[in-house]
**Student:** 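Let me give you the structure first, and then I'll get to my questions.
Lettering follows sequence order; numbering is per chain, from 1.
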2 protein chains.
Amino acid sequence: MASSTEENYLKILFNLTHEKGEVNISELSSQLGVSMPTVNSMIKNLQKSDLVHYEKYKPVTLSEKGKKTAALIVRKHRLTEMFLVNKMGFGWEEVHQIAEQVEHIHAPKFFERMDEMLGFPTVDPHGSPIPDKHGRMQELHYKNLSQVKPGNQVILVALADSSSDFLEFLNSRKLKLGMELKILSKETYDQSMIVSYENQQSETLSEKVCEKLLVRSVE
Amino acid sequence: MASSTEENYLKILFNLTHEKGEVNISELSSQLGVSMPTVNSMIKNLQKSDLVHYEKYKPVTLSEKGKKTAALIVRKHRLTEMFLVNKMGFGWEEVHQIAEQVEHIHAPKFFERMDEMLGFPTVDPHGSPIPDKHGRMQELHYKNLSQVKPGNQVILVALADSSSDFLEFLNSRKLKLGMELKILSKETYDQSMIVSYENQQSETLSEKVCEKLLVRSVE
DNA sequence: AATATTTGTTAGATAGATCTAACTTTGTAC
DNA sequence: GTACAAAGTTAGATCTATCTAACAAATATT
(Lines give C-alpha, C1' and ligand atoms only; values in the text may rest on other atoms or scores of the structure.)
Protein backbone atom coordinates (compact mmCIF):
# COMPACT_ATOMS: atom_id res chain seq x y z
CA MET A 1 0.00 0.00 0.00
CA ALA A 2 1.20 3.48 -0.89
CA SER A 3 2.48 5.73 1.92
CA SER A 4 0.88 9.15 2.47
CA THR A 5 3.89 10.66 0.73
CA GLU A 6 3.45 8.44 -2.31
CA GLU A 7 -0.27 9.19 -2.29
CA ASN A 8 0.51 12.90 -2.49
CA TYR A 9 2.77 12.39 -5.47
CA LEU A 10 0.06 10.38 -7.24
CA LYS A 11 -2.64 12.92 -6.45
CA ILE A 12 -0.63 15.86 -7.76
CA LEU A 13 0.37 13.85 -10.80
CA PHE A 14 -3.33 13.17 -11.39
CA ASN A 15 -4.35 16.80 -11.00
CA LEU A 16 -1.51 18.19 -13.11
CA THR A 17 -2.22 15.65 -15.84
CA HIS A 18 -5.78 16.93 -16.10
CA GLU A 19 -4.79 20.59 -15.88
CA LYS A 20 -1.79 20.71 -18.17
CA GLY A 21 -1.59 17.37 -19.98
CA GLU A 22 2.11 16.77 -19.29
CA VAL A 23 3.94 16.51 -16.04
CA ASN A 24 7.64 17.06 -15.66
CA ILE A 25 9.90 16.73 -12.65
CA SER A 26 10.32 20.43 -12.04
CA GLU A 27 6.55 21.02 -12.01
CA LEU A 28 6.10 18.21 -9.47
CA SER A 29 8.97 19.61 -7.47
CA SER A 30 7.38 23.05 -7.14
CA GLN A 31 3.85 21.73 -6.55
CA LEU A 32 5.03 19.37 -3.83
CA GLY A 33 7.47 21.81 -2.32
CA VAL A 34 10.39 19.36 -2.44
CA SER A 35 13.63 19.41 -4.41
CA MET A 36 13.98 17.87 -7.87
CA PRO A 37 16.31 15.09 -6.72
CA THR A 38 13.68 14.08 -4.19
CA VAL A 39 11.05 13.88 -6.90
CA ASN A 40 13.44 11.99 -9.13
CA SER A 41 14.03 9.30 -6.55
CA MET A 42 10.38 9.05 -5.56
CA ILE A 43 9.33 8.67 -9.19
CA LYS A 44 11.71 5.72 -9.43
CA ASN A 45 9.98 4.16 -6.42
CA LEU A 46 6.56 4.67 -7.93
CA GLN A 47 7.84 3.13 -11.12
CA LYS A 48 8.97 0.03 -9.23
CA SER A 49 5.43 -0.30 -7.86
CA ASP A 50 4.04 0.07 -11.41
CA LEU A 51 2.21 3.26 -10.52
CA VAL A 52 3.92 5.47 -13.11
CA HIS A 53 5.71 5.16 -16.45
CA TYR A 54 9.01 6.93 -16.61
CA GLU A 55 12.01 7.29 -18.86
CA LYS A 56 14.98 9.51 -18.10
CA TYR A 57 14.47 13.12 -19.22
CA LYS A 58 10.90 12.38 -20.33
CA PRO A 59 7.67 13.55 -18.72
CA VAL A 60 6.11 11.31 -16.05
CA THR A 61 2.80 9.58 -16.76
CA LEU A 62 0.50 7.58 -14.50
CA SER A 63 0.02 3.89 -15.29
CA GLU A 64 -3.53 2.48 -15.28
CA LYS A 65 -2.92 1.26 -11.75
CA GLY A 66 -1.55 4.67 -10.79
CA LYS A 67 -4.53 6.47 -12.34
CA LYS A 68 -6.97 4.36 -10.39
CA THR A 69 -5.07 4.74 -7.13
CA ALA A 70 -4.84 8.51 -7.63
CA ALA A 71 -8.51 8.82 -8.58
CA LEU A 72 -9.52 7.06 -5.38
CA ILE A 73 -7.46 9.50 -3.32
CA VAL A 74 -9.00 12.44 -5.18
CA ARG A 75 -12.38 10.83 -4.53
CA LYS A 76 -11.70 10.79 -0.78
CA HIS A 77 -10.51 14.39 -0.90
CA ARG A 78 -13.55 15.67 -2.75
CA LEU A 79 -16.08 13.65 -0.77
CA THR A 80 -14.51 15.03 2.38
CA GLU A 81 -14.77 18.61 1.13
CA MET A 82 -18.40 18.04 0.25
CA PHE A 83 -19.08 16.50 3.65
CA LEU A 84 -17.40 19.36 5.48
CA VAL A 85 -19.43 21.93 3.58
CA ASN A 86 -22.81 20.21 3.36
CA LYS A 87 -22.91 18.26 6.60
CA MET A 88 -20.64 20.16 8.95
CA GLY A 89 -21.30 23.76 7.97
CA PHE A 90 -17.80 24.74 6.82
CA GLY A 91 -17.24 27.45 4.19
CA TRP A 92 -15.78 26.28 0.87
CA GLU A 93 -12.64 28.29 1.61
CA GLU A 94 -11.92 26.30 4.80
CA VAL A 95 -12.08 22.72 3.65
CA HIS A 96 -9.03 22.13 1.52
CA GLN A 97 -6.50 21.91 4.34
CA ILE A 98 -8.66 19.50 6.29
CA ALA A 99 -9.44 17.30 3.27
CA GLU A 100 -5.71 17.21 2.53
CA GLN A 101 -5.30 15.21 5.74
CA VAL A 102 -8.52 13.20 5.70
CA GLU A 103 -7.82 11.90 2.16
CA HIS A 104 -5.08 9.63 3.56
CA ILE A 105 -7.36 7.77 5.91
CA HIS A 106 -7.74 4.09 5.06
CA ALA A 107 -11.35 3.26 5.90
CA PRO A 108 -13.58 2.49 2.92
CA LYS A 109 -16.76 2.43 5.02
CA PHE A 110 -16.05 5.93 6.32
CA PHE A 111 -16.08 7.39 2.83
CA GLU A 112 -18.99 5.21 1.71
CA ARG A 113 -21.04 6.60 4.57
CA MET A 114 -20.11 10.16 3.61
CA ASP A 115 -21.10 9.39 0.05
CA GLU A 116 -24.47 7.98 1.16
CA MET A 117 -25.18 10.84 3.56
CA LEU A 118 -24.43 13.31 0.77
CA GLY A 119 -26.72 11.50 -1.69
CA PHE A 120 -23.89 10.34 -3.99
CA PRO A 121 -22.74 13.73 -5.25
CA THR A 122 -20.92 13.96 -8.60
CA VAL A 123 -19.08 17.21 -7.96
CA ASP A 124 -17.39 18.78 -4.94
CA PRO A 125 -18.07 22.25 -3.47
CA HIS A 126 -15.78 23.82 -6.08
CA GLY A 127 -17.51 22.08 -8.99
CA SER A 128 -14.73 19.52 -9.52
CA PRO A 129 -15.97 16.04 -10.45
CA ILE A 130 -15.81 13.28 -7.82
CA PRO A 131 -14.40 10.01 -9.22
CA ASP A 132 -16.67 7.00 -8.59
CA LYS A 133 -15.67 4.11 -6.32
CA HIS A 134 -13.98 2.34 -9.23
CA GLY A 135 -11.78 5.36 -9.84
CA ARG A 136 -13.61 6.55 -12.94
CA MET A 137 -14.03 10.29 -13.31
CA GLN A 138 -16.15 12.04 -15.86
CA GLU A 139 -14.07 14.64 -17.68
CA LEU A 140 -15.80 18.00 -17.67
CA HIS A 141 -14.56 20.57 -20.15
CA TYR A 142 -16.09 23.84 -19.32
CA LYS A 143 -15.31 27.17 -20.94
CA ASN A 144 -13.81 29.78 -18.75
CA LEU A 145 -15.55 33.11 -18.42
CA SER A 146 -12.80 35.05 -20.19
CA GLN A 147 -13.69 33.23 -23.42
CA VAL A 148 -17.33 34.26 -23.32
CA LYS A 149 -18.42 37.16 -25.52
CA PRO A 150 -20.18 40.20 -24.06
CA GLY A 151 -23.97 39.96 -24.24
CA ASN A 152 -24.01 36.24 -23.45
CA GLN A 153 -25.47 34.64 -20.38
CA VAL A 154 -23.86 31.67 -18.60
CA ILE A 155 -24.01 29.66 -15.40
CA LEU A 156 -21.03 29.49 -13.04
CA VAL A 157 -20.44 25.75 -12.60
CA ALA A 158 -16.89 25.26 -11.34
CA LEU A 159 -13.59 26.86 -10.42
CA ALA A 160 -10.15 26.37 -11.89
CA ASP A 161 -8.59 27.53 -8.62
CA SER A 162 -9.68 26.41 -5.15
CA SER A 163 -7.15 28.34 -3.11
CA SER A 164 -8.64 29.98 -0.04
CA ASP A 165 -7.51 33.40 -1.27
CA PHE A 166 -9.55 33.02 -4.43
CA LEU A 167 -12.53 31.55 -2.59
CA GLU A 168 -12.50 34.43 -0.12
CA PHE A 169 -12.45 36.84 -3.04
CA LEU A 170 -15.52 35.11 -4.48
CA ASN A 171 -17.22 35.26 -1.07
CA SER A 172 -16.59 39.00 -0.93
CA ARG A 173 -18.30 39.42 -4.31
CA LYS A 174 -21.10 37.03 -3.31
CA LEU A 175 -20.26 34.72 -6.21
CA LYS A 176 -21.52 31.16 -5.81
CA LEU A 177 -21.70 28.08 -8.03
CA GLY A 178 -24.97 27.78 -9.94
CA MET A 179 -25.39 31.52 -10.42
CA GLU A 180 -26.48 32.97 -13.73
CA LEU A 181 -23.99 35.54 -14.98
CA LYS A 182 -24.55 38.06 -17.79
CA ILE A 183 -21.49 39.56 -19.45
CA LEU A 184 -22.27 43.24 -19.91
CA SER A 185 -18.99 44.33 -21.47
CA LYS A 186 -15.31 43.53 -21.83
CA GLU A 187 -12.50 46.08 -21.58
CA THR A 188 -10.17 45.70 -24.57
CA TYR A 189 -7.17 47.14 -22.70
CA ASP A 190 -6.93 44.64 -19.80
CA GLN A 191 -9.59 42.02 -20.72
CA SER A 192 -11.49 42.76 -17.52
CA MET A 193 -15.23 42.11 -17.67
CA ILE A 194 -18.28 43.75 -16.23
CA VAL A 195 -20.68 41.04 -15.18
CA SER A 196 -24.13 41.22 -13.62
CA TYR A 197 -25.80 38.50 -11.59
CA GLU A 198 -28.69 37.46 -9.37
CA ASN A 199 -30.14 40.52 -7.73
CA GLN A 200 -28.94 42.78 -10.51
CA GLN A 201 -25.58 43.20 -8.72
CA SER A 202 -22.82 44.02 -11.18
CA GLU A 203 -19.08 43.68 -10.70
CA THR A 204 -15.88 44.25 -12.61
CA LEU A 205 -13.79 41.08 -12.75
CA SER A 206 -10.16 41.05 -13.85
CA GLU A 207 -8.93 38.71 -16.57
CA LYS A 208 -7.08 36.68 -13.95
CA VAL A 209 -10.35 36.07 -12.11
CA CYS A 210 -12.37 35.37 -15.29
CA GLU A 211 -9.91 32.65 -16.32
CA LYS A 212 -10.61 30.80 -13.10
CA LEU A 213 -14.40 30.92 -13.39
CA LEU A 214 -15.69 27.92 -15.33
CA VAL A 215 -19.09 28.30 -16.93
CA ARG A 216 -21.59 26.65 -19.25
CA SER A 217 -24.16 28.35 -21.47
CA VAL A 218 -27.73 28.70 -20.30
CA GLU A 219 -29.79 26.13 -22.27
CA MET B 1 4.76 19.67 16.90
CA ALA B 2 4.73 15.98 17.71
CA SER B 3 4.74 13.47 14.83
CA SER B 4 1.96 10.88 14.55
CA THR B 5 4.36 8.35 15.97
CA GLU B 6 5.14 10.50 18.97
CA GLU B 7 1.42 11.18 19.41
CA ASN B 8 0.80 7.44 19.59
CA TYR B 9 3.43 7.02 22.29
CA LEU B 10 1.87 9.83 24.31
CA LYS B 11 -1.65 8.48 23.91
CA ILE B 12 -0.73 4.98 25.03
CA LEU B 13 1.29 6.41 27.90
CA PHE B 14 -1.81 8.40 28.90
CA ASN B 15 -4.13 5.41 28.70
CA LEU B 16 -1.78 3.02 30.50
CA THR B 17 -1.18 5.58 33.25
CA HIS B 18 -4.91 5.69 33.93
CA GLU B 19 -5.37 1.94 33.67
CA LYS B 20 -2.38 0.66 35.60
CA GLY B 21 -0.74 3.63 37.30
CA GLU B 22 2.80 2.87 36.17
CA VAL B 23 4.21 2.51 32.73
CA ASN B 24 7.38 0.65 31.92
CA ILE B 25 9.24 0.20 28.68
CA SER B 26 8.18 -3.38 28.09
CA GLU B 27 4.49 -2.52 28.51
CA LEU B 28 4.82 0.30 25.99
CA SER B 29 6.71 -2.00 23.68
CA SER B 30 3.96 -4.61 23.62
CA GLN B 31 1.11 -2.09 23.42
CA LEU B 32 2.74 -0.25 20.53
CA GLY B 33 3.95 -3.39 18.80
CA VAL B 34 7.54 -2.18 18.52
CA SER B 35 10.75 -3.47 20.10
CA MET B 36 12.02 -2.26 23.48
CA PRO B 37 15.07 -0.50 22.01
CA THR B 38 12.73 1.47 19.78
CA VAL B 39 10.68 2.56 22.76
CA ASN B 40 13.83 3.37 24.67
CA SER B 41 15.08 5.73 22.00
CA MET B 42 11.68 7.32 21.42
CA ILE B 43 11.29 7.98 25.14
CA LYS B 44 14.59 9.83 25.05
CA ASN B 45 13.21 12.00 22.23
CA LEU B 46 10.04 12.74 24.13
CA GLN B 47 12.17 13.62 27.13
CA LYS B 48 14.12 16.14 25.05
CA SER B 49 10.82 17.78 24.09
CA ASP B 50 9.81 17.85 27.78
CA LEU B 51 6.85 15.58 27.18
CA VAL B 52 7.92 12.84 29.60
CA HIS B 53 10.07 12.39 32.67
CA TYR B 54 12.49 9.52 32.51
CA GLU B 55 15.39 8.01 34.39
CA LYS B 56 17.19 4.85 33.35
CA TYR B 57 15.50 1.68 34.58
CA LYS B 58 12.65 3.69 36.11
CA PRO B 59 9.04 3.83 34.90
CA VAL B 60 8.13 6.55 32.38
CA THR B 61 5.79 9.36 33.42
CA LEU B 62 4.14 12.12 31.41
CA SER B 63 5.15 15.71 32.17
CA GLU B 64 2.39 18.31 32.54
CA LYS B 65 2.98 19.31 28.93
CA GLY B 66 2.89 15.63 27.91
CA LYS B 67 -0.33 15.04 29.83
CA LYS B 68 -2.05 17.92 28.12
CA THR B 69 -0.81 16.95 24.68
CA ALA B 70 -1.90 13.36 25.23
CA ALA B 71 -5.30 14.39 26.59
CA LEU B 72 -5.96 16.48 23.50
CA ILE B 73 -5.20 13.49 21.27
CA VAL B 74 -7.48 11.29 23.36
CA ARG B 75 -10.09 14.03 23.06
CA LYS B 76 -9.89 13.91 19.28
CA HIS B 77 -10.08 10.12 19.34
CA ARG B 78 -13.14 9.99 21.55
CA LEU B 79 -14.98 12.84 19.84
CA THR B 80 -14.40 11.05 16.55
CA GLU B 81 -15.80 7.79 17.91
CA MET B 82 -18.85 9.63 19.19
CA PHE B 83 -19.31 11.38 15.86
CA LEU B 84 -19.02 8.15 13.91
CA VAL B 85 -21.61 6.45 16.09
CA ASN B 86 -24.09 9.28 16.66
CA LYS B 87 -23.82 11.21 13.41
CA MET B 88 -22.72 8.66 10.86
CA GLY B 89 -24.50 5.54 12.00
CA PHE B 90 -21.51 3.31 12.76
CA GLY B 91 -21.68 0.54 15.35
CA TRP B 92 -19.52 1.01 18.47
CA GLU B 93 -17.46 -1.99 17.44
CA GLU B 94 -16.43 -0.34 14.12
CA VAL B 95 -15.13 3.03 15.19
CA HIS B 96 -11.85 2.42 16.95
CA GLN B 97 -9.75 1.77 13.85
CA ILE B 98 -11.10 4.85 12.10
CA ALA B 99 -10.66 7.12 15.14
CA GLU B 100 -7.10 5.81 15.44
CA GLN B 101 -6.36 7.59 12.17
CA VAL B 102 -8.59 10.65 12.53
CA GLU B 103 -7.06 11.52 15.92
CA HIS B 104 -3.85 12.65 14.17
CA ILE B 105 -5.56 15.27 12.05
CA HIS B 106 -4.47 18.82 12.87
CA ALA B 107 -7.59 20.94 12.43
CA PRO B 108 -9.02 22.40 15.63
CA LYS B 109 -12.20 23.65 13.92
CA PHE B 110 -12.96 20.18 12.62
CA PHE B 111 -13.11 18.75 16.12
CA GLU B 112 -14.87 21.81 17.53
CA ARG B 113 -17.61 21.33 14.95
CA MET B 114 -17.93 17.66 15.87
CA ASP B 115 -18.18 18.66 19.52
CA GLU B 116 -20.91 21.22 18.78
CA MET B 117 -22.88 18.87 16.53
CA LEU B 118 -22.76 16.24 19.26
CA GLY B 119 -23.93 18.71 21.93
CA PHE B 120 -20.62 18.70 23.86
CA PRO B 121 -20.64 15.11 25.07
CA THR B 122 -18.66 14.16 28.18
CA VAL B 123 -18.22 10.46 27.40
CA ASP B 124 -17.59 8.46 24.24
CA PRO B 125 -19.64 5.50 22.95
CA HIS B 126 -17.79 3.16 25.32
CA GLY B 127 -18.41 5.34 28.36
CA SER B 128 -14.85 6.70 28.51
CA PRO B 129 -14.61 10.38 29.49
CA ILE B 130 -13.77 12.94 26.80
CA PRO B 131 -11.11 15.44 27.94
CA ASP B 132 -12.18 19.09 27.51
CA LYS B 133 -10.46 21.45 25.07
CA HIS B 134 -7.90 22.42 27.74
CA GLY B 135 -6.92 18.79 28.16
CA ARG B 136 -8.68 18.28 31.47
CA MET B 137 -10.39 14.94 31.97
CA GLN B 138 -12.69 14.05 34.79
CA GLU B 139 -11.51 10.83 36.42
CA LEU B 140 -14.31 8.33 36.67
CA HIS B 141 -13.79 5.43 39.04
CA TYR B 142 -16.49 2.97 38.47
CA LYS B 143 -16.79 -0.43 40.07
CA ASN B 144 -16.62 -3.39 37.79
CA LEU B 145 -19.46 -5.85 37.75
CA SER B 146 -17.39 -8.66 39.22
CA GLN B 147 -17.17 -6.72 42.51
CA VAL B 148 -20.94 -6.38 42.85
CA LYS B 149 -22.72 -8.71 45.26
CA PRO B 150 -25.62 -10.89 44.09
CA GLY B 151 -29.01 -9.29 44.71
CA ASN B 152 -27.77 -5.80 43.82
CA GLN B 153 -28.94 -3.72 40.91
CA VAL B 154 -26.59 -1.50 38.89
CA ILE B 155 -26.39 0.49 35.66
CA LEU B 156 -23.86 -0.37 32.98
CA VAL B 157 -22.01 2.90 32.38
CA ALA B 158 -18.71 2.11 30.71
CA LEU B 159 -16.35 -0.58 29.44
CA ALA B 160 -12.82 -1.40 30.47
CA ASP B 161 -12.19 -2.98 27.06
CA SER B 162 -13.21 -1.47 23.74
CA SER B 163 -11.81 -4.16 21.45
CA SER B 164 -14.16 -5.07 18.63
CA ASP B 165 -14.21 -8.70 19.79
CA PHE B 166 -15.57 -7.66 23.16
CA LEU B 167 -18.01 -5.16 21.64
CA GLU B 168 -19.33 -7.80 19.27
CA PHE B 169 -19.79 -10.12 22.22
CA LEU B 170 -21.82 -7.43 23.98
CA ASN B 171 -23.88 -6.88 20.80
CA SER B 172 -24.67 -10.59 20.66
CA ARG B 173 -25.99 -10.44 24.24
CA LYS B 174 -27.84 -7.17 23.53
CA LEU B 175 -25.88 -5.39 26.24
CA LYS B 176 -25.78 -1.59 25.88
CA LEU B 177 -24.59 1.28 28.05
CA GLY B 178 -27.27 2.70 30.35
CA MET B 179 -28.94 -0.64 30.94
CA GLU B 180 -30.06 -1.67 34.39
CA LEU B 181 -28.57 -5.00 35.42
CA LYS B 182 -29.64 -7.20 38.32
CA ILE B 183 -27.16 -9.73 39.65
CA LEU B 184 -29.15 -12.90 40.29
CA SER B 185 -26.30 -15.11 41.44
CA LYS B 186 -22.56 -15.70 41.37
CA GLU B 187 -20.92 -19.07 40.85
CA THR B 188 -18.25 -19.60 43.51
CA TYR B 189 -16.23 -21.97 41.36
CA ASP B 190 -15.46 -19.70 38.38
CA GLN B 191 -16.86 -16.31 39.54
CA SER B 192 -19.29 -16.27 36.61
CA MET B 193 -22.50 -14.34 37.20
CA ILE B 194 -26.09 -14.74 36.17
CA VAL B 195 -27.46 -11.32 35.36
CA SER B 196 -30.91 -10.19 34.22
CA TYR B 197 -31.70 -7.02 32.36
CA GLU B 198 -34.28 -4.95 30.47
CA ASN B 199 -36.90 -7.26 29.07
CA GLN B 200 -36.23 -9.83 31.76
CA GLN B 201 -33.52 -11.43 29.59
CA SER B 202 -30.97 -13.24 31.71
CA GLU B 203 -27.46 -14.27 30.79
CA THR B 204 -24.47 -15.99 32.30
CA LEU B 205 -21.38 -13.79 32.13
CA SER B 206 -17.88 -15.10 32.78
CA GLU B 207 -15.58 -13.42 35.28
CA LYS B 208 -13.46 -12.13 32.41
CA VAL B 209 -16.49 -10.36 30.95
CA CYS B 210 -17.71 -9.04 34.33
CA GLU B 211 -14.35 -7.41 34.99
CA LYS B 212 -14.70 -5.38 31.83
CA LEU B 213 -18.21 -4.12 32.58
CA LEU B 214 -18.08 -0.89 34.59
CA VAL B 215 -21.17 -0.05 36.59
CA ARG B 216 -22.62 2.35 39.14
CA SER B 217 -25.37 1.64 41.68
CA VAL B 218 -28.93 2.62 40.92
CA GLU B 219 -29.67 5.71 43.08
C1' DA C 1 22.66 -15.61 48.82
C1' DA C 2 23.17 -17.60 44.19
C1' DT C 3 21.02 -18.10 40.12
C1' DA C 4 17.63 -17.54 36.62
C1' DT C 5 14.32 -14.62 34.41
C1' DT C 6 12.62 -10.44 33.04
C1' DT C 7 13.43 -5.92 31.90
C1' DG C 8 16.18 -2.36 30.02
C1' DT C 9 20.24 -0.39 27.45
C1' DT C 10 23.83 0.25 23.92
C1' DA C 11 25.63 -0.21 19.50
C1' DG C 12 25.15 -0.63 14.92
C1' DA C 13 22.26 -1.57 10.66
C1' DT C 14 18.32 -0.52 7.54
C1' DA C 15 14.56 1.83 4.98
C1' DG C 16 11.98 6.01 3.70
C1' DA C 17 12.01 10.75 2.54
C1' DT C 18 14.45 14.46 2.40
C1' DC C 19 18.50 17.71 1.40
C1' DT C 20 22.88 20.03 -1.11
C1' DA C 21 26.58 20.00 -4.38
C1' DA C 22 28.24 18.72 -8.60
C1' DC C 23 27.49 17.13 -13.04
C1' DT C 24 24.76 16.06 -17.52
C1' DT C 25 21.23 16.52 -20.85
C1' DT C 26 17.89 19.13 -23.31
C1' DG C 27 16.10 23.19 -25.18
C1' DT C 28 16.63 28.21 -26.53
C1' DA C 29 18.75 32.30 -28.37
C1' DC C 30 21.60 34.79 -30.75
C1' DG D 1 25.86 26.02 -34.36
C1' DT D 2 27.92 27.47 -30.23
C1' DA D 3 26.72 28.99 -25.86
C1' DC D 4 23.70 29.78 -22.15
C1' DA D 5 19.79 28.58 -19.35
C1' DA D 6 16.61 25.39 -17.68
C1' DA D 7 15.61 20.87 -16.40
C1' DG D 8 17.13 16.52 -14.85
C1' DT D 9 20.40 13.18 -12.68
C1' DT D 10 23.86 11.19 -9.54
C1' DA D 11 26.26 10.87 -5.38
C1' DG D 12 26.44 11.32 -0.83
C1' DA D 13 24.67 13.20 3.68
C1' DT D 14 20.94 13.68 7.25
C1' DC D 15 16.89 12.61 10.19
C1' DT D 16 13.20 9.61 11.81
C1' DA D 17 11.60 5.34 13.15
C1' DT D 18 12.51 1.06 13.14
C1' DC D 19 15.19 -3.51 13.74
C1' DT D 20 18.66 -7.34 15.79
C1' DA D 21 22.46 -8.76 18.64
C1' DA D 22 24.88 -8.34 22.65
C1' DC D 23 25.29 -6.82 27.12
C1' DA D 24 23.71 -4.94 31.87
C1' DA D 25 20.55 -4.11 35.66
C1' DA D 26 16.66 -5.28 38.41
C1' DT D 27 13.63 -8.63 40.07
C1' DA D 28 12.04 -13.18 41.22
C1' DT D 29 12.92 -18.06 42.57
C1' DT D 30 14.66 -21.53 45.09
Side-chain angles (χ1 to χ4, degrees), chain A residues 1-14 16-17 19-62 66 69-70 73 100-101 103-106, chain B residues 1-14 16-17 19-62 66 69-70 73 100-101 103-106:
Chain A
M1 193 168 296
S3 68
S4 287
T5 311
E6 290 173 319
E7 290 190 348
N8 280 330
Y9 279 77
L10 293 174
K11 184 188 56 172
I12 293 196
L13 220 24
F14 184 87
L16 289 177
T17 303
E19 280 167 35
K20 321 206 169 178
E22 260 195 6
V23 187
N24 56 30
I25 303 279
S26 101
E27 187 71 22
L28 281 170
S29 162
S30 69
Q31 287 287 317
L32 285 156
V34 300
S35 69
M36 292 210 299
T38 301
V39 175
N40 185 273
S41 84
M42 181 57 81
I43 291 299
K44 286 175 182 170
N45 282 352
L46 294 173
Q47 192 181 26
K48 268 184 209 144
S49 317
D50 285 316
L51 292 161
V52 303
H53 298 303
Y54 185 57
E55 276 179 87
K56 264 191 188 187
Y57 303 107
K58 295 277 162 62
V60 187
T61 56
L62 285 167
T69 307
I73 297 159
E100 207 66 14
Q101 299 177 68
E103 72 192 7
H104 299 296
I105 287 173
H106 293 288
Chain B
M1 191 167 297
S3 67
S4 287
T5 312
E6 289 172 320
E7 289 190 349
N8 280 330
Y9 279 78
L10 292 175
K11 185 188 57 172
I12 292 194
L13 219 24
F14 184 89
L16 289 177
T17 303
E19 281 167 33
K20 322 205 167 177
E22 261 194 4
V23 187
N24 56 30
I25 303 278
S26 102
E27 187 73 20
L28 282 169
S29 162
S30 69
Q31 288 286 318
L32 286 156
V34 300
S35 69
M36 291 208 299
T38 301
V39 175
N40 185 274
S41 84
M42 180 58 81
I43 292 299
K44 286 174 182 170
N45 282 352
L46 294 173
Q47 192 181 26
K48 270 184 207 144
S49 317
D50 285 316
L51 292 161
V52 303
H53 298 302
Y54 186 57
E55 278 178 86
K56 265 193 186 182
Y57 303 107
K58 295 278 164 60
V60 186
T61 56
L62 284 167
T69 307
I73 298 158
E100 206 67 14
Q101 300 177 69
E103 73 192 6
H104 299 296
I105 287 173
H106 293 287

**Student:** Looking at the side chain of N40(A), which of dC19(C), dT10(D), dA17(C) is the nearest nucleotide?
**Tutor:**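 So the nucleotide nearest the side chain must be dT10(D).
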
**Student:** Rounding to an integer number of Å, can you tell me how far N45(A) CG sits from dG16(C) P?
**Tutor:**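 The distance from CG of N45(A) to P of dG16(C) comes to 7 Å, rounded to the nearest Å.
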
**Student:** Figure out the CD/C1' separation between E55(A) and dA7(D), and round it to whole Å.
**Tutor:**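 To the nearest whole Å, that distance equals 17 Å.
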
**Student:** Return the 5'-most residue of the pair E27(B), G33(A) with respect to DNA chain C, ranking by each residue's nearest nucleotide.
**Tutor:**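 Between the two, 5'-proximity favours E27(B).
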
**Student:** Hey, what do you get for CD (E27(A)) to CG (L32(A)), rounding to the nearest 0.5 Å?
**Tutor:**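 Going from the CD atom of E27(A) to the CG atom of L32(A) covers 10.0 Å.
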
**Student:** In terms of heavy-atom contacts, does CD of E55(B) have more than 12 from other residues, nucleotides or ligands at under 6.0 Å?
**Tutor:**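 Counting other residues, nucleotides and ligands, CD of E55(B) stays at 12 neighbours or fewer.
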
**Student:** Take atom CG of L32(A) and atom P of dG16(C), then tell me their distance rounded to the nearest Å.
**Tutor:**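 Those two atoms, CG and P, are 19 Å apart.
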
**Student:** Strictly distance-based, threshold 3.5 Å: is any side-chain N or O of E6(B) a donor or acceptor partner for the main-chain N or O of S3(B)?
**Tutor:**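 Indeed, once roles are kept as given, a pair shorter than 3.5 Å links the two residues.
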
**Student:** Considering only side-chain heavy atoms of I25(A), which listed nucleotide, dT20(D), dT18(D), dT9(D), is closest?
**Tutor:**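 The nucleotide sitting nearest to the side chain is dT9(D).
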
**Student:** Using whole Å, report how far NZ of K44(A) lies from P of dA11(D).
**Tutor:**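 From K44(A) NZ to dA11(D) P: 8 Å.
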
**Student:** Indicate whether OP1 or OP2 belonging to dT18(D) is found under 4.0 Å from a side-chain N or O atom of Y9(B).
**Tutor:**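 Answer is yes, contact under 4.0 Å.
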
**Student:** Between atom CG in N8(B) and atom P in dT16(D), what is the gap in whole Å?
**Tutor:**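 Computing the N8(B):CG to dT16(D):P distance gives 17 Å.
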
**Student:** Does the side chain to side chain contact (heavy atoms under 4.5 Å, CB included) test come out yes or no for E103(A) and N8(A), once each step is laid out?
**Tutor:** CA-CA 10 Å; E103(A) 72 192 7; N8(A) 280 330; 3.5 Å; yes

**Student:** Counting side-chain heavy atoms from CB outward, which of dC19(D), dT25(C), dA17(D) is closest to Y57(A)?
**Tutor:**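 The nucleotide sitting nearest to the side chain is dT25(C).
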
**Student:** Using whole Å, what does the distance between atom P of nucleotide dT9(D) and atom CD of Q47(A) come to?
**Tutor:**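 So the CD-P distance, Q47(A) to dT9(D), works out to 11 Å.
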
**Student:** Measure OH/Y54(A) against P/dA7(D) and give the value in whole Å, please.
**Tutor:**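 Interatomic distance, OH of Y54(A) to P of dA7(D): 14 Å.
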
**Student:** If you check the S41(B) side chain, which of dA21(D), dT7(C), dT18(D) turns out closest?
**Tutor:**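 Ranking dA21(D), dT7(C), dT18(D) by closest atom to the S41(B) side chain puts dT18(D) first.
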
**Student:** Which nucleotide in the list dT18(C), dA25(D), dA17(D) gets nearest to the side chain of V34(A)?
**Tutor:**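 The closest nucleotide is dT18(C).
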
**Student:** For dC19(C), take OP1 and OP2 only and decide whether either is under 4.0 Å from a side-chain N or O of T38(A).
**Tutor:**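 It does, given that an N or O in the side chain of T38(A) lies less than 4.0 Å from OP1 or OP2 of dC19(C).
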
**Student:** What's the closest nucleotide to the side chain of S3(A) if the choices are dT10(C), dA17(C), dT7(C)?
**Tutor:**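 Of all the options, the side chain of S3(A) is nearest to dA17(C).
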
**Student:** Roughly how far, to the nearest 0.5 Å, is OG1 of T17(A) from CD of E22(A)?
**Tutor:**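 The OG1 atom of T17(A) is 9.5 Å from CD of E22(A), to the nearest 0.5 Å.
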
**Student:** On DNA chain C, check which nucleotide each of K56(A) and M42(A) is closest to and give me the residue with the more 5' one.
**Tutor:**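 First, find each residue's nearest nucleotide; the 5'-ward one identifies M42(A).
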
**Student:** Please report the distance, rounded to the nearest Å, between CD1 in I43(A) and P in dT18(C).
**Tutor:**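 Rounded to whole Å, this separation is 12 Å.
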
**Student:** Would you say S35(B) reaches dT18(D)'s phosphate, i.e. side-chain N/O to OP1/OP2 under 4.0 Å?
**Tutor:**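 No, because none of the side-chain N or O atoms of S35(B) sits under 4.0 Å from OP1 or OP2 of dT18(D).
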
